[in-house]
2 protein chains.
Amino acid sequence: MTSDGRSLRGDATRVLVLDTALEMFAEHGYRATSVRDIAARCGMTHPGLLYHFPSKAALLMAALQRRDDVDCVDGEVRELGFNRLDARAVLRHLITSAKNNAGKRGLVELFANLSVEATAPDHPAHDYFVERYATLRATVTRSLTDLGREGALRPGVVPGIAAAQVIAVMDGLQVQWLLDPQGIDMAAALEGLVNGMLIEPL
Amino acid sequence: MTSDGRSLRGDATRVLVLDTALEMFAEHGYRATSVRDIAARCGMTHPGLLYHFPSKAALLMAALQRRDDVDCVDGEVRELGFNRLDARAVLRHLITSAKNNAGKRGLVELFANLSVEATAPDHPAHDYFVERYATLRATVTRSLTDLGREGALRPGVVPGIAAAQVIAVMDGLQVQWLLDPQGIDMAAALEGLVNGMLIEPL
DNA sequence: GTCTATATCAGGATAGAC
DNA sequence: GTCTATCCTGATATAGAC
């Protein structure tokens with residue numbers, strides 16, 4: 001038994017289920033993936049799976065959480081935490097993410113779909129995404145505010161609005177890229193936008 | 001009978017179904033609206049409805065087409081057609097649309113959800129959206145190119161990339177707005193972005 | 001605590017009667 | 001052109017074996 005009362009075997013199953021679920025959600029989308037499919041690939045039946053997670057929605061949330069925990073990106077971010085990076089590093093990191101995403105269509109699809117689905121107030125991931133966006137926007141706003149204090153911002157750039165624009169471009173470019181992967185360079189377009197807000201490019 | 005072989009009564013039913021469907025899709029989303037629900041509100045059964053449209057997906061496509069036909073926005077656009085407006089009018093129109101959208105949450109939700117769903121190559125609306133985005137981007141690119149020729153563009157603004165950014169911001173802001181309608185002014189943020197690309201504001 | 005078996009319900013789609 | 005009946009698949013809940 002672990003300290004929180006779950007058996008070791010149960011935990012191993014949970015982890016297997018979470019990783020399998022994220023993989024399949026990324027591959028086929030949340031809605032197109034049934035609990036039965038996930039359970040089958042884990043070598044169990046779907047009620048067996050639902051013992052560990054009360055619902056498909058709960059499974060989704062747990063998988064997202066796990067991704068946040070495990071996938072904590074490389075380099076500076078892992079050590080410091082994204083929201084404690086210095087202003088330019090935050091912006092650079094967003095661009096790096098965009099670059100990395102171009103290799104993982106499934107995950108881009110998953111998050112693009114989810115962030116829109118989760119827009120519905122009664123969606124299981126609604127609070128997660130509200131929180132996620134609020135935090136992200138606060139971090140970017142702070143970065144831009146810092147840069148503004150240094151006099152590094154172009155005149156007319158308002159940190160709060162610019163932050164929303166940067167995040168919006170990240171999301172919106174994903175849709176265009178998913179529709180036509182050859183038609184666009186997400187990282188370049190994002191970098192162009194950010195540099196357009198700065199006096200000196202990053 | 002009409003020239004294409006459908007009875008007049010049948011056409012009336014089709015139109016009723018299309019309008020009802022668009023309304024309900026906009027209200028509750030595509031996936032959360034069942035064919036049975038739509039049929040019921042039309043006073044028929046769902047196989048009855050499916051006589052007119054072979055599948056739910058086909059119904060969706062027909063409803064989108066109808067919206068494009070009927071809803072042809074007001075003013076200049078209706079007369080000229082969006083892609084024949086002059087450069088500044090195109091950009092102004094995008095901002096006006098963003099402003100109008102803030103009053104129609106349901107439709108914003110529908111299109112936000114659909115454009116992401118339709119990202120999947122096998123989605124019934126895939127081709128519709130690929131086409132839609134390609135056209136929109138071409139129009140915006142052309143507008144910015146025109147402005148560039150007039151010397152109205154800030155140095156460093158590349159029309160093709162800037163067009164992708166503008167469209168991406170429109171889409172991305174919708175997500176943020178849907179998640180937190182109070183937190184953002186879509187039209188203002190879009191206008192800010194566009195003006196940041198121009199030497200003289202619109 | 002972990003899982004199987006089983007039951008129930010809802011949505012999309014089709015066949016065939018009227 | 002519309003309805004009744006039916007099939008299939010997926011989501012969810014519960015009983016109970018181990």
Side-chain angles (χ1 to χ4, degrees), chain A residues 1-21 24-25 27-63 113-114 117-118 120 122-125, chain B residues 1-22 24-25 27-63 110 113-114 117-118 120 122-125:
Chain A
M1 287 293 217
T2 55
S3 54
D4 60 339
R6 283 196 304 265
S7 80
L8 288 171
R9 178 151 149 57
D11 258 26
T13 305
R14 284 174 68 89
V15 168
L16 171 65
V17 169
L18 287 176
D19 289 343
T20 306
M24 296 186 73
F25 285 153
E27 199 171 337
H28 308 291
Y30 173 65
R31 304 196 129 111
T33 306
S34 74
V35 176
R36 282 180 172 87
D37 293 341
I38 299 168
R41 204 190 284 190
C42 293
M44 55 200 306
T45 61
H46 71 113
L49 189 157
L50 288 174
Y51 162 76
H52 298 280
F53 308 93
S55 68
K56 188 187 180 186
L59 171 58
L60 167 65
M61 295 306 304
N113 269 287
L114 273 184
E117 278 181 32
D122 61 337
H123 190 282
Chain B
M1 288 291 218
T2 55
S3 54
D4 59 339
R6 285 196 303 265
S7 80
L8 288 170
R9 176 146 154 43
D11 258 26
T13 306
R14 283 176 66 90
V15 168
L16 171 65
V17 169
L18 287 175
D19 289 343
T20 307
L22 191 59
M24 295 186 74
F25 286 151
E27 198 171 340
H28 307 291
Y30 173 64
R31 305 196 130 108
T33 306
S34 74
V35 175
R36 283 179 171 84
D37 293 341
I38 300 168
R41 206 191 281 191
C42 293
M44 53 200 307
T45 61
H46 87 273
L49 188 156
L50 287 175
Y51 164 77
H52 298 279
F53 307 93
S55 69
K56 187 186 182 185
L59 171 58
L60 166 65
M61 294 307 304
L110 177 61
N113 269 287
L114 272 185
E117 277 181 32
D122 61 338
H123 190 282

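Proteins come first, then strands; the chains are lettered A, B, ... in the order of their sequence lines, and each starts at number 1.
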Could you tell me how far apart [X] ([atom1]) and [N] ([atom2]) are, to the nearest whole angstrom?
{"X": "B:Met44", "N": "D:dT4", "atom1": "CE", "atom2": "C1'", "value": "14 Å"}
{"X": "A:Leu50", "N": "C:dT4", "atom1": "CG", "atom2": "P", "value": "12 Å"}
{"X": "A:Asp37", "N": "D:dG10", "atom1": "CG", "atom2": "P", "value": "6 Å"}
{"X": "A:His52", "N": "C:dG1", "atom1": "NE2", "atom2": "C1'", "value": "9 Å"}
{"X": "A:Phe25", "N": "D:dG10", "atom1": "CZ", "atom2": "P", "value": "14 Å"}
{"X": "B:Leu60", "N": "C:dG11", "atom1": "CG", "atom2": "P", "value": "18 Å"}
{"X": "A:Ile38", "N": "D:dG10", "atom1": "CD1", "atom2": "P", "value": "12 Å"}
{"X": "A:Phe53", "N": "D:dA13", "atom1": "CZ", "atom2": "P", "value": "16 Å"}

- [ ] May I ask you to say whether B:Arg31 pairs ionically with B:Glu117, meaning some side-chain N is under 4.0 Å from a carboxylate O?
- [x]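 Here B:Arg31 pairs with B:Glu117 in a salt bridge, since their nearest N and O are under 4.0 Å apart.
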Select one nucleotide: of [options], the one nearest the side-chain heavy atoms of [X].
{"X": "A:His46", "options": "C:dT6, D:dT12, D:dG10", "result": "D:dT12"}
{"X": "A:Arg36", "options": "D:dT4, C:dC3, D:dT12", "result": "D:dT12"}
{"X": "A:Thr13", "options": "C:dC3, C:dG11, C:dA7", "result": "C:dC3"}
{"X": "B:Lys56", "options": "D:dG10, D:dG1, C:dG12", "result": "C:dG12"}
{"X": "A:Pro47", "options": "D:dT12, D:dA13, D:dA5", "result": "D:dA13"}

Would you indicate, yes or no, if [N] has its OP1 or OP2 atom less than 4.0 angstrom from a side-chain nitrogen or oxygen of [X]?
{"X": "A:Ser34", "N": "D:dG10", "result": "no"}
{"X": "A:Thr45", "N": "C:dT4", "result": "yes"}
{"X": "B:Tyr51", "N": "D:dT2", "result": "no"}

- [ ] Determine yes or no for a side-chain-to-main-chain donor-acceptor pair under 3.5 angstrom, with B:Thr20 supplying the side chain and B:Cys42 the backbone.
- [x] no
Open item on the list: Please classify the nucleic acid contact of A:Ser55 as base, sugar-phosphate, or nothing, using heavy-atom distances under 4.0 Å.
Closed with: nothing
Task: Distance-minimising heavy-atom pair for B:Ala32 and B:Asp37 - done: O-OD2, 4.3 Å
Open item on the list: For B:Tyr30, does the six-membered ring have the charged nitrogen or CZ of B:Lys56 within the cation-pi criterion, i.e. under 6.0 angstrom from the centroid and within 45° of the normal?
Closed with: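 Verdict for B:Tyr30: a cation-pi partner in B:Lys56.
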Open item on the list: Quick check: do B:Leu18 and B:Phe53 have side-chain heavy atoms less than 4.5 Å from each other?
Closed with: yes
